[in-house]
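First the structure, in the form of structure tokens, and then the observations on it.
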2 protein chains.
Amino acid sequence: MLESAGSSTEPREPVITRENVTAKPIDAHEPWMRGLHADTGYLLYRLGLRSGQLFNACLQESGLRLRHYAVLRFLATTDGALQRELSARLGYDPSAIVGLVDDLEKLGFAERRPSPDDRRSRIVVLSESGRDFLRDTADDGLRVTGELLGPLDPAERETLHALLLRIAEDGLN
Amino acid sequence: MLESAGSSTEPREPVITRENVTAKPIDAHEPWMRGLHADTGYLLYRLGLRSGQLFNACLQESGLRLRHYAVLRFLATTDGALQRELSARLGYDPSAIVGLVDDLEKLGFAERRPSPDDRRSRIVVLSESGRDFLRDTADDGLRVTGELLGPLDPAERETLHALLLRIAEDGLN
DNA sequence: CAACAACTATTGACGTCAACAATTATTGCT
DNA sequence: AGCAATAATTGTTGACGTCAATAGTTGTTG
């Protein structure tokens with residue numbers, strides 16, 4: 001990398017270079033010295049960030065973000081959900097759901113309807129154009145996933161998905 | 001940009017309940033109708049969030065966050081790194097590195113040293129107490145990972161780690 | 001049945017964080 | 001010497017999570 005003895009000004013003090021910094025060698029056998037990527041948790045964190053970024057970049061042109069997309073996908077599976085259900089299942093704060101549903105309503109992708117059982121609650125339902133949007137962007141979603149999983153063959157993707165699902169089902173959703 | 005079918009005021013429709021909302025059945029065979037967890041990318045996103053939260057909760061008592069921890073771990077592997085190297089390798093904005101190194105310096109875990117080659121650059125090195133911190137918190141890190149990977153047996157954790165590593169090495173780092 | 005506790009959606013405030021432009025000091029090029 | 005490029009830094013903006021507070025509604029209980 002960059003290695004040069006260009007010490008032009010201070011010959012006095014033992015110049016601090018990368019070499020004598022490494023003077024104290026790191027013991028690769030010590031578990032706390034493993035690289036970052038040796039930690040599955042950290043790997044998940046980084047890959048999760050990347051996945052989110054890819055999704056958001058893909059959704060950018062639609063004016064939506066990953067959170068909106070998550071709400072839409074959830075509504076597609078369980079037509080008609082109370083906002084408190086969305087909050088609980090998706091893990092977002094109730095106050096966040098308000099804005100998300102506002103945006104979706106503004107775009108005509110979802111609709112708030114009064115609950116006949118409880119006038120406090122509102123039932124959020126997916127609209128027709130919401131369904132259309134999901135259908136139209138399905139390819140993009142698959143493309144993102146494909147780009148993310150890059151070097152994995154179908155069988156490996158299957159096992160990865162199964163493993164992640166096992167983790168997710170435990171404590172999440 | 002997007003068509004909006006925002007017909008919000010339609011008194012003509014009969015009372016909407018959860019039952020007749022479900023009247024329009026979802027076709028589970030349509031790929032865009034799969035559940036949220038059917039998408040590996042979204043799974044990664046959610047699990048990454050959870051992993052980050054667990055790490056941050058664990059580091060909370062130290063006054064550090066996951067980003068600081070990432071910098072420390074990286075410094076432990078490649079003693080003496082320029083800030084721009086930290087930025088490039090960790091994927092954080094250069095302006096973010098400034099604050100992170102500030103915090104680490106304030107805690108005495110790292111040190112900024114002038115580069116003899118280029119007076120613009122600063123070499124960030126891990127200090128002794130930084131090393132101590134990494135050693136002391138190694139167990140916490142392992143505990144977090146263990147808690148996260150909960151229901152997986154050692155062999156499964158191994159395969160999961162290998163798969164994630166393959167993805168991470170492609171385009172990340 | 002009247003008072004009270006719990007709940008639903010909503011708003012607002014606060015702190016964190018990432019992404020981007022702008023600035024300063026320095027270097028390399030020609 | 002002049003000028004583009006670079007490293008670190010500052011400042012700004014917008015997204016985001018968390019918490020507190022409120023209004024309207026429901027259920028319960030004395």
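Since the model is a prediction, treat every value here as computed from it, not as a measurement. Each chain gets a letter, A, B and so on, in the order its sequence line appears, and its residues count up from 1.
Between A/Arg65 and D/dA15, a side-chain N or O to OP1/OP2 separation shorter than 4.0 Å is present. An OP1 or OP2 oxygen of C/dA9 is reached within less than 4.0 angstrom by no side-chain nitrogen or oxygen of A/Arg120. In terms of phosphate contacts, B/Arg122 brings a side-chain nitrogen or oxygen within less than 4.0 Å of OP1 or OP2 of D/dT9. Between D/dA7 and B/Arg112, no contact under 4.0 Å exists linking OP1 or OP2 to a side-chain N or O.
In summary, B/Asp39 and A/Arg73 engage in a salt bridge, as defined by a charged side-chain N under 4.0 Å from a carboxylate O.
Here the CZ atom belonging to B/Arg122 is positioned 13.5 Å from the CG atom belonging to B/Leu86, to the nearest 0.5 angstrom.
Residues A/Arg84 and B/Arg119 both approach DNA chain C. Their nearest nucleotides, taken by heavy-atom distance, put A/Arg84 toward the 5′ side. Nearest-nucleotide assignment on DNA chain D puts the 5′-proximal partner with B/Ala96, out of A/Ala96 and B/Ala96.
Looking at B/Ser121, its side chain never comes within 3.5 Å of a backbone N or O of B/Asp117 through a donor-acceptor pair.
Between the side chains of A/Tyr69 and A/Arg65, no donor-acceptor pair of N or O atoms lies under 3.5 Å.
Rounded to whole Å, the distance from CG on B/Leu104 to P on D/dA8 is 15 Å. Atom CG of B/Asp93 is separated from atom P of D/dT10 by 14 Å (rounded to the nearest Å). As rounded to whole Å, 14 Å separates atom C1' of D/dT6 from atom CD of B/Glu85. Going from atom CD1 of A/Ile97 over to atom P of D/dC16 covers 12 Å, rounded to whole Å. Here the P atom of nucleotide D/dA8 and the CG atom of B/Asp117 are 13 Å apart, to the nearest Å. Per the geometry, CD1 belonging to A/Ile123 stands 14 Å off C1' belonging to C/dA9, to the nearest Å. Put simply, OH on B/Tyr92 is 17 Å from P on D/dA8, counting in whole angstrom units. Protein atom CG of B/Leu82 is 20 Å distant from nucleotide atom P of C/dA25, rounded to whole Å.
In plain terms, the two heavy atoms of A/Thr40 and B/Leu164 that are nearest each other are CG2-CD1, 4.0 Å.
Nucleic acid contact for A/Ser95: base, since at least one base atom lies under 4.0 Å from a heavy atom of the residue. Within 4.0 Å of B/Asp118, counting heavy atoms only, lie sugar-phosphate atoms of the nucleic acid but no base atom. A/Gln53 comes within 4.0 angstrom of sugar-phosphate atoms only, judged by non-hydrogen atoms across all strands, and of no base.
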